[in-house]
Number of protein chains: 2
Amino acid sequence: MKNRQIILVTRPEGLPKAADFRLIESEMRAPDEGQFLVRTEFLSVDPYMRGRIGDQESYAEPVALGDVMVGGTVGTVLESRHPDYHAGDVVVGYWGWQEYTISDGHDIQRFDTSLAPMSTALGVLGMPGMTAYFGLLDIGQPEPGETVFVSGAAGAVGSMVGQIAKIKGCIVAGSAGSQAKVQHLLTDLGFDAAFSYKDVTDYTTWLREMCPQGIDVYYDNVGGPLTDAVFTHINQRARIVVCGQIDQYNATRPARGPRLLWHLIVKRARAEGFLVFDFAHRYREAQEQIAQWLQEGKVKYRETIVDGLESAPEAFIGLFRGDNLGKQLVRVASE
Amino acid sequence: MKNRQIILVTRPEGLPKAADFRLIESEMRAPDEGQFLVRTEFLSVDPYMRGRIGDQESYAEPVALGDVMVGGTVGTVLESRHPDYHAGDVVVGYWGWQEYTISDGHDIQRFDTSLAPMSTALGVLGMPGMTAYFGLLDIGQPEPGETVFVSGAAGAVGSMVGQIAKIKGCIVAGSAGSQAKVQHLLTDLGFDAAFSYKDVTDYTTWLREMCPQGIDVYYDNVGGPLTDAVFTHINQRARIVVCGQIDQYNATRPARGPRLLWHLIVKRARAEGFLVFDFAHRYREAQEQIAQWLQEGKVKYRETIVDGLESAPEAFIGLFRGDNLGKQLVRVASE
């Protein structure tokens, strides 16, 4: 059996391009005793993956040239010689951009499709959902009536942050990359205010208008000039959840901007980074809560899906243009 | 009776200059019933006061032009018509750059000179001591064996931060503005490592050498390029206590530098500002603890004292040149 895989062939300079990746075909062996074979159904592309293919310092080792590109994946067990896994089981893991993988189960979790469709294992019930849940609630600690502003609000993480903040009784505003996304935030997701950063130059004026009571929690997926403006509009004891800085992921030289730490003194404020993996022991709690919100209709999600393993590089690159609404997925298995 | 006062006459552009202040003489009335007259013994000049005379946003209203310059003060009650205060009592307050004040007691605290000399009411047992104590222990939360790095380490706040961190079992390194100060940190205050930022250009290399186990707590009095370098050398879950940014206090345009928030993600780190006034209900606890350390010889302090009210502007300006070792004071009353 053949396994098609996408490998990293060059480290991108700036914005990744299709030629940084290559599709190869390798022979797929059968599972040994204690192993099982998984067919990839969906793979996830996420902004953080830019950090895995560059040479900047990051929180994980970079993908080696020639290695299969990393990323979250969900799939179906096709054949098993493992006592706990059976053909038809749906599993979620991190085997990257390839059609098949073999596992002994230790790097894979079972996914309960009675909770929600399997694609949500990479979205609202997966890493983006966990990132939104713990980043907002544990790092941001919003109180009812406080104003939460989220950048990258129409993305997989941001759209969950906004909805959870609404559930918690906050006033919620966000920025996104198009008027269509802004409409989605306002109409479908219940945001109180939103603007398209691509159609605005004076962020400060917009922030004042959208968040008339100032900003108590800033959930930052973006960084850059928008974040600079937010720092001038935070309230006393504000919490800045530093989740992502997509504005800088493709920078070819260290990004510069106004020095921001003084604002933290003036406002007795806190800026804190986090990694979702630190909350792994509490994923179950978050998944059950989010699944319940889904069933109650309190949380909605959108997916932008492209077909075919070979579409993965373009889908990934599209994240930095803002092509996606909600979770960007690649459907790998053609039923 | 005459009261000599120093008023603010112009808002400084950049570094304050003597001509921004003016010495005036006014008539001093006698205290009314329920009031008492205080003679200023020492006044305090501190870097944060730059923020009170500029037009940048800060955490307090600026001093109005023509008003007496603000600042911490300690003095002796000369004459009292207040039931709880008597001639000879030593009191500490915030009546600013003038020889006398009249108080009804509500903006003044009694100072117990059995704890330490009255000048310490403006230093180790005063605002700088409180700032060091709560900033390090409550915001920085250092653990034994962790590395604490403090910028502005030979100043009134920094020198206390370093010594308290040593008491708490930390490895302590710091930066200061001269080789003499570095020697003081190493020889007198027990710092494990120190360097003069004025004699070094490549901060990163020095930080690596001085803090071979990385930096767990950064107590930042300075900001600017030194802070940029520290951000590249923090450990996982580092805490950055943002106390002061003296590097930027005299900037005539918004300071720019490398964007730093990404480091907070990579290191799951936290940067937090604070104001010492938020801990006012716990000053007593800190004063008793620091007084005990003083008596046990575990904490030492230095003062740089100049004489005469008219010396206050120069003493203040000198802070930004790093003229002071330890607490900079102006002795106002000539015995």
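Quick note on labels: first sequence line is chain A, next is B, and so on, each numbered from 1.
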What part of [X] lies closer than 4.5 angstrom to a heavy atom of chain B: side chain, backbone, both or neither?
X	answer
A/F231	side chain
A/R239	neither
A/P258	both

| For B/A271, is it the side chain, the backbone, both, or neither that has a heavy atom closer than 4.5 Å to a heavy atom of chain A? | both
| field | Portion of B/Y249 that has a non-hydrogen atom of chain A nearer than 4.5 angstrom | value | side chain
| remark: Minimal heavy-atom distance between B/D220 and A/L261, with the atoms involved, is OD2-CD1, 4.2 Å
Nearest 0.5 angstrom please: [X] [atom1] to [Y] [atom2], how far?
X	Y	atom1	atom2	value
A/F277	B/R268	CZ	CZ	8.5 Å
B/E272	A/E272	CD	CD	8.0 Å
A/L264	B/F274	CG	CZ	12.0 Å

| note | Comparing B/I139, B/D278, B/T227 against chain A, the one with the most heavy-atom pairs below 4.5 Å turns out to be B/D278
| query | Looking at B/A251, B/A269, B/C243, which has the largest count of heavy-atom pairs under 4.5 Å with chain A? | reply | B/A269
| query | Would the number of heavy atoms belonging to other residues, nucleotides or ligands and lying under 6.0 Å from CD of B/E13 be above 12? | reply | no
| With a cut-off of 6.0 Å (strictly less than), are more than 12 heavy atoms of other residues, nucleotides or ligands near CZ of B/R284? | no
| note | Looking only at A/L260, A/L275, A/I240, the option with the highest number of non-hydrogen pairs under 4.5 Å against chain B is A/L275
| query | Can you tell which of A/G224, A/G244, A/G223 has the highest number of heavy-atom pairs within less than 4.5 Å of chain B? | reply | A/G224
| field | Sidechain N-carboxylate O distance under 4.0 Å for A/R256, B/D228 | value | no
| query | Going through the distances and angles, do A/Q248 and B/R259 end up as a side-chain contact (heavy atoms from CB on, under 4.5 Å)? | reply | CA-CA 9 Å; A/Q248 290 139 59; B/R259 294 191 178 280; 3.3 Å; yes
